Amino acid sequence: MTAVTVIGLGIMGGPMAANLVKAGFDVTGFNRSKAKVDQLVEQGGRGATGIADAVREADVVITMLPDSPDVEDVVLGADGILAHAPTGSLWIDASTIRPDVSVRLAEAAAAQGLRAVDAPVSGGESGAIEASLSIMVGGGAAEFEAARPVLEAVGSTVVHVGPAGSGQTVKAANQLIVAGTIELVAEAIVFLEAHGVDTEAAVKVLAGGLAGNRILDRKAAGMRARTFQPGFRIDLHHKDMGIVTAAAREAGVAIPLGAAAAQLMGAARAQGHGNLDHSALLLIVEQLSGRTNR
Ligand code: NAD
């Protein structure tokens, strides 16, 4: 039985680890807060007391951590993956981090005799729970084939997109599209409300035409009701807009609408909404429109 360790059992890593248990893998989990580890144990996994303990006997190690510095610490630290995972084991980074950091860490892993792929995911909390994530994988062809059975237990679309770091570049494009779409859906809802239109009926018909999209399907009801429980936190999408704007600048590509969406995401964070779902961009549209005290 393949031994899989998951480090980072948050909104995404928790359900992914549970699905790996259901798929028959021998799963060990570690998280900074112990409650998440206890939850995995209740679901049939094993708990670890630290990273070294978690990875020592792993065939595959998955990291699902917030940001580039978190992944760097967990991979390169004295108590970390490279120092303690067995030679030949496979490290899958499912976190969304900077492509350049991803490339550098993959090289460090190879120098230590580990195989590595970057495999960021899209599909949100519901995709993680339903094991229907879309997973964009960067790395060598052999590493991709080795990672595939594990990734297919947590996702329904698993695609090799190129060498190390490419998964992260594709994920940055994903976050650009999602942020821009949320902003336009939020603007449409506030616009419709200002005109006294029944937004439930409006969303229904919009979803059936060319304006139809997943944000309308999954987020519009929460936006209309002003319920912004995450989901995907504004803080994390702000991090991702930093990644995509820096990567676009590096490539000399103009992303004017993406840059505006990045500014609005930053404003949402500055207004204290960092822990709300990214659909809370709507609050900024309301604020800019002078419609906060309706
Ligand atoms: P989260 O904050 O819910 O989970 C991260 C977990 O990592 C937390 O439980 C935290 O305690 C743990 N952690 C942090 N540092 C640690 C360390 N050094 N050792 C052990 N555990 C540590 O975040 P999330 O929403 O699950 O997102 C994780 C990653 O996936 C992020 O990069 C995010 O951008 C990406 N992502 C999230 C979503 C989403 O909808 N939530 C969707 C796709 C991708």
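Fair warning: this is a prediction, and the values are worked out from it, not measured in the lab. Order of listing sets the numbers, starting from 1, for every ligand and every atom in it. Scope of the values below: all heavy atoms of this structure, side chains included, with no hydrogens, waters or symmetry mates.
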Purely on distance, is any nitrogen or oxygen of [X] under 3.5 Å from one on ligand 1?
| X | result |
| --- | --- |
| Lys171 | no |
| Met12 | yes |
| Asp67 | no |
| Ile11 | yes |
| Pro66 | yes |
| Gly8 | no |

Quiz item: Got a donor-acceptor contact below 3.5 angstrom from the His84 side chain to the Ala78 backbone?
Solution: yes
Quiz item: Looking only at heavy atoms of Ser122, does any of them come nearer than 4.0 Å to an atom of ligand 1?
Solution: no
Quiz item: Does at least one non-hydrogen atom of His237 fall below 4.0 angstrom from an atom of ligand 1?
Solution: no
Self-check item: Shortest reach to atom 23 (O) of ligand 1 by a heavy atom, considering only Leu236, Ile97, Asp70, Asn31
Solution: Leu236
Exercise. State whether Glu145 and Arg148 are salt-bridged, where the test is any N-O pair (Lys NZ or Arg NE/NH1/NH2 against Asp/Glu carboxylate O) under 4.0 Å.
Key: yes
Quiz prompt | Salt-bridge contact Glu57-Arg46 (side-chain N to carboxylate O under 4.0 Å) | solution = no
Quiz item: Counting only heavy atoms, which portion of Asp73 has something under 4.0 Å from ligand 1: side chain, backbone, both, or neither?
Solution: neither
Self-check item: Single-linkage hydrophobic cluster, 4.5 Å side-chain cutoff, Ile7 and Met16 together
Solution: no
